[in-house]
Amino acid sequence: MTAARDLKELSEAEALRRLASVPFGRVVFTLHALPAVRPVNHVVADGRVVIRTNPGTVLSKEVAPAAAVVAFEADDLDPYERVGWSVIVTGIARPVTDPEEAERFKELLQPWVRGGMDQVISIQPEIVNGFELVPLDDAS
């Protein structure tokens with residue numbers, strides 16, 4: 001049996017660094033007044049979480065048209081050792097409308113699914129929470 005773990009809070013800088021270290025997360029948004037979640041690949045660039053989508057998709061319709069409040073979560077957890085981390089960013093999602101900036105992000109972020117994924121959305125973090133599961137000896 002694995003020993004108990006402690007939950008250590010990460011600094012905002014460390015949380016964003018860890019978020020940038022993984023290519024996959026989940027965006028949480030409102031759909032018909034209820035929470036909805038979509039898995040997406042992402043990058044962290046210029047202090048923002050950047051995702052891509054196709055025009056006409058639920059993300060395009062519900063998140064991109066205006067300044068939508070969303071959450072973005074990613075983690076790296078080991079269920080056997082019961083260690084790892086989780087980061088949750090809450091912020092404002094907006095479409096990237098500057099053509100040069102959108103092209104730069106498209107070069108940085110290659111979609112995992114087929115299709116153009118021509119719409120770029122950035123999430124500006126307003127609240128950043130990060131936590132790490134650590135062995136009790138490491139929780140300083």
Side-chain angles (χ1 to χ4, degrees):
M1 180 163 185
T2 304
R5 301 294 185 225
D6 202 0
L7 195 60
K8 174 181 150 186
E9 190 167 353
L10 301 173
S11 69
E12 182 174 324
E14 179 62 15
L16 290 174
R17 186 192 71 74
R18 292 191 189 199
L19 185 63
S21 75
V22 295
F24 179 81
R26 290 154 291 281
V27 63
V28 182
F29 56 99
T30 302
L31 180 62
H32 307 299
L34 296 171
V37 180
R38 291 295 183 274
V40 294
N41 64 312
H42 73 282
V43 295
V44 177
D46 305 333
R48 296 176 284 168
V49 178
V50 179
I51 63 174
R52 289 175 62 180
T53 190
N54 280 320
T57 63
V58 69
L59 283 177
S60 177
K61 291 176 185 175
E62 300 297 327
V63 173
V69 175
V70 300
F72 188 85
E73 189 273 341
D75 51 49
D76 185 8
L77 298 168
D78 181 334
Y80 300 104
E81 294 297 321
R82 297 183 186 171
V83 294
W85 56 266
S86 180
V87 171
I88 303 105
V89 169
T90 305
I92 307 298
R94 291 183 174 90
V96 176
T97 56
D98 178 83
E100 288 180 14
E101 186 178 39
E103 279 307 311
R104 182 171 66 88
F105 288 146
K106 286 178 184 179
E107 289 176 18
L108 289 173
L109 180 58
Q110 299 302 311
W112 286 15
V113 296
R114 89 179 141 156
M117 298 290 189
D118 291 329
Q119 187 165 37
V120 180
I121 299 170
S122 75
I123 302 166
Q124 179 64 51
E126 299 292 331
I127 302 169
V128 178
N129 292 301
F131 301 94
E132 181 178 20
L133 281 170
V134 295
L136 294 177
D137 298 53
D138 294 346
S140 42

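Here, residue 1 is the first one in the sequence, and each next residue gets the next number.
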Checklist entry - Same hydrophobic cluster for F29 and I92, using side-chain heavy-atom links shorter than 4.5 Å among ILVMFWY? => result no
Next on the checklist: Is it the case that the ring center of F24 lies less than 6.0 angstrom away from the ring center of H42?
Outcome noted: no
Item to check | From R94 atom CZ to I123 atom CD1, the distance as rounded to the nearest 0.5 Å | outcome: 11.5 Å
Next on the checklist: With a 4.5 Å cut-off on side-chain heavy-atom distances among I, L, V, M, F, W and Y, is there a chain of contacts connecting V27 to V128?
Outcome noted: yes
Item to check | Gap separating the CG atom of L10 from the CD atom of E132, nearest 0.5 angstrom | outcome: 5.5 Å
Checklist outcome for this item: Note: N54 and D118 closest approach over all heavy atoms is OD1-N, 4.0 Å
Checklist entry - Nearest heavy-atom pair of V134 and K8: which atoms, and what distance? => result CG2-CB, 4.3 Å
Next on the checklist: Before you tell me yes or no, could you show the steps for L16 and V89 under side chain to side chain contact (heavy atoms under 4.5 Å, CB included), namely the whole-Å CA-CA distance, both residues' side-chain angles and the distance that decides it to 0.1 Å?
Outcome noted: CA-CA 9 Å; L16 290 174; V89 169; 4.2 Å; yes
Checklist entry - Going from CG on L133 to CZ on R5, what distance comes out if it is rounded to the nearest 0.5 angstrom? => result 8.0 Å
Next on the checklist: I need the minimum non-hydrogen distance between A74 and G25, along with the two atoms involved.
Outcome noted: CB-CA, 4.0 Å
Checklist entry - OG of S86 to CZ of R18: how many Å apart, nearest 0.5 Å? => result 11.0 Å
Checklist entry - Would F72 and V40 count as a side chain to side chain contact (heavy atoms under 4.5 Å, CB included) if you check the C-alpha gap in whole Å, the side-chain angles of each, and the deciding distance to 0.1 Å? => result CA-CA 10 Å; F72 188 85; V40 294; 3.6 Å; yes
Checklist entry - Which heavy atom in G47 sits nearest to a heavy atom in P125, and how many Å separate them? => result O-CD, 3.2 Å
Checklist entry - More than 12 non-hydrogen atoms from neighbouring residues, nucleotides or ligands closer than 6.0 Å to CD on E100, yes or no? => result no
Checklist entry - Any chain of hydrophobic side-chain contacts (each under 4.5 Å) joining V43 to V96? => result yes
Checklist entry - Taking Q110 for the side chain and K106 for the main chain, is one N or O donor matched with an acceptor at less than 3.5 Å? => result yes
Checklist entry - Is there any side-chain hydrogen bond (donor to acceptor under 3.5 Å, both in side chains) pair reaching into residues 25-35, and which pairs are they, with sequence neighbours excluded? => result R26-E73, R26-D75
Item to check | Smallest separation among heavy atoms of A36 and L31, with atom names | outcome: CB-CB, 3.8 Å
Checklist entry - Are F131 and V83 joined in one hydrophobic group, where the rule is that I, L, V, M, F, W and Y side chains link up if heavy atoms are under 4.5 Å apart? => result no
Checklist entry - How many angstroms lie between atom CZ of R38 and atom OG1 of T53, to the nearest 0.5 angstrom? => result 10.0 Å
Next on the checklist: Going by the rule salt bridge (Lys or Arg N to Asp or Glu O under 4.0 Å), which residues pair with D46 if we only count those two or more places apart in sequence or in a different chain?
Outcome noted: R48, R104
Checklist outcome for this item: Heavy-atom closest pair (A102 atom, V120 atom, distance to 0.1 Å) is O-CG2, 4.0 Å
Checklist outcome for this item: One should read off an interatomic distance between I121 CD1 and F105 CZ, to the nearest 0.5 angstrom, of 12.5 Å
Next on the checklist: Taking V28 as the starting point, is it possible to reach L19 by hopping between hydrophobic residues whose side chains are less than 4.5 Å apart?
Outcome noted: no
